[in-house]
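Atoms within a ligand are numbered from 1 in the order they appear, just like the ligands themselves. Quantities reported herein were computed from a predicted structural model and do not represent experimental measurements.
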Amino acid sequence: MSRPFDLSLYLVTDEDLAGPRGVVETVRAAIDGGVTLVQHRFKQGSTRDFVATASALVDLLRPRGIPLIINDRVDVALAVDADGVHVGQSDMRVAKVRELIGPDRILGLSAAQMHELTPEELGPIDYLGVGPVFATSTKPNAPDPIGFEHLGRVKRTVGLPVVAIGGLKPEHVEPTLAAGADGLAIVSAIIAAEDPAAAARDFSTRIARYRGK
Ligand code: TZP
C-alpha cells in the first residue's frame, strides 16, 4: 500500500518554462494556489543539479504534506527520500522500480493508449498518467492527442486512479473530470504563467466547484 496521494492538481516542473524565477520558487508560488502533488521532471543538466533541486523541493513540500514524485530517476528519488517515482513505458520497468522503491512510495506510469498496457505494467503501479489529451509543445515527441472520449475509456478500463495530461487549461477542468479523470497534470499553464499562484488557484477553484465543494 503506497502512502496517500491526491491527483487533483498535479504540477509537473519544467526548468525552461520556469525561466529565471527557477523551479523551486515557481513551485513555491504554485502551491499557494492549491497544487496537490508535484512531479519534478528534469530534462537537462547534471545529476548533481537534479538532486539539489529535488532536495530543495522535498524541504519545501514535505512540511506542507504535498508529495514529491521524481520523473524517471529512481536513484534521485531514493537519494532525496522523495515520495515516489513516475516512469514512461520506455523507462525502467515498473516491476523493477517497485522492487527498488519499496511498497510505500508512490509509483506512476505514463501511457497514451490502453492497449499499450499489460497486466505486468498495471500490477505494480498506483496511478496512470494518460495523454496527451491535447497537442502540446511542452513535450515535442509526445504521441498523438487522445481527446476526452479516449481518456474516459482508459479510466473505465484500468480501474486505477488516472491523471490526465497534455495541453490542459483551466477551461478543461470540467470536461476532464467529467470524462472520469481523478485530476489534471499541468506543466505550461502554471509553470510558465506570470502568476503561478493565480494560475494554480484558477484550476483548483474550478476543481472544487466541479466537485460541489
Ligand atoms: N507528457 C505528456 S504531455 C506532457 C507530458 C510531460 C506535457 C504537458 O505539458 P503542458 O504544458 O501541460 O501541455
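With atom 10 (P) of ligand 1 as the reference point, the heavy atom nearest to it among Ile165, Leu184, Thr138, Ile190 is part of Thr138. If you check each of Lys169, His86, Lys43, Lys139 against atom 7 (C) of ligand 1, the one with the closest non-hydrogen atom is Lys139.
At least one N or O atom of Val187 sits closer than 3.5 Å to an N or O atom of ligand 1. Of the polar atoms of Arg41, none of the N or O atoms is found under 3.5 Å from an N or O of ligand 1, judged by distance alone. Distances between N or O atoms of Gly167 and those of ligand 1 include at least one value under 3.5 Å.
By the salt bridge (charged side-chain N to carboxylate O under 4.0 Å, His left out) test, Arg41 pairs with no residue at all, sequence neighbours left out. The salt bridge (charged side-chain N to carboxylate O under 4.0 Å, His left out) test applied to Glu99 returns Lys96, not counting sequence neighbours.
Between Arg62 and Asp83 there is a salt bridge, since a side-chain N of the basic residue sits under 4.0 Å from a carboxylate O of the acidic one. A salt bridge links Arg98 with Asp126: the distance from a Lys NZ or Arg NE/NH1/NH2 to an Asp or Glu carboxylate oxygen falls below 4.0 Å. In summary, Asp81 and Arg105 engage in a salt bridge, as defined by a charged side-chain N under 4.0 Å from a carboxylate O.
Under a 4.0 angstrom heavy-atom cut-off, Gly131 registers as lying outside contact with ligand 1. Using a 4.0 Å cutoff on heavy atoms, Val12 does not count as a contact of ligand 1.
Listed by atom number, the atoms of ligand 1 under 4.0 Å from Thr136 heavy atoms are 3 (S), 8 (C), 9 (O), 10 (P), 11 (O), 13 (O). Using a 4.0 Å cut-off to heavy atoms of Gly166, the atoms of ligand 1 that qualify are 3 (S), 8 (C), 13 (O). Interface atoms of ligand 1 facing Ser188, defined by a heavy-atom separation under 4.0 Å, are 10 (P), 11 (O), 12 (O).
In Glu174, the CD atom is not crowded: 12 or fewer heavy atoms of neighbouring residues, nucleotides or ligands sit closer than 6.0 Å.
Within the 4.0 Å heavy-atom criterion, neither part of Ala142 lies near ligand 1.
Aromatic pair Phe134/Phe148: ring centres closer than 6.0 Å.
Atom NE2 of His40 is separated from atom CG of Leu61 by 10.5 Å, given to the nearest 0.5 angstrom.
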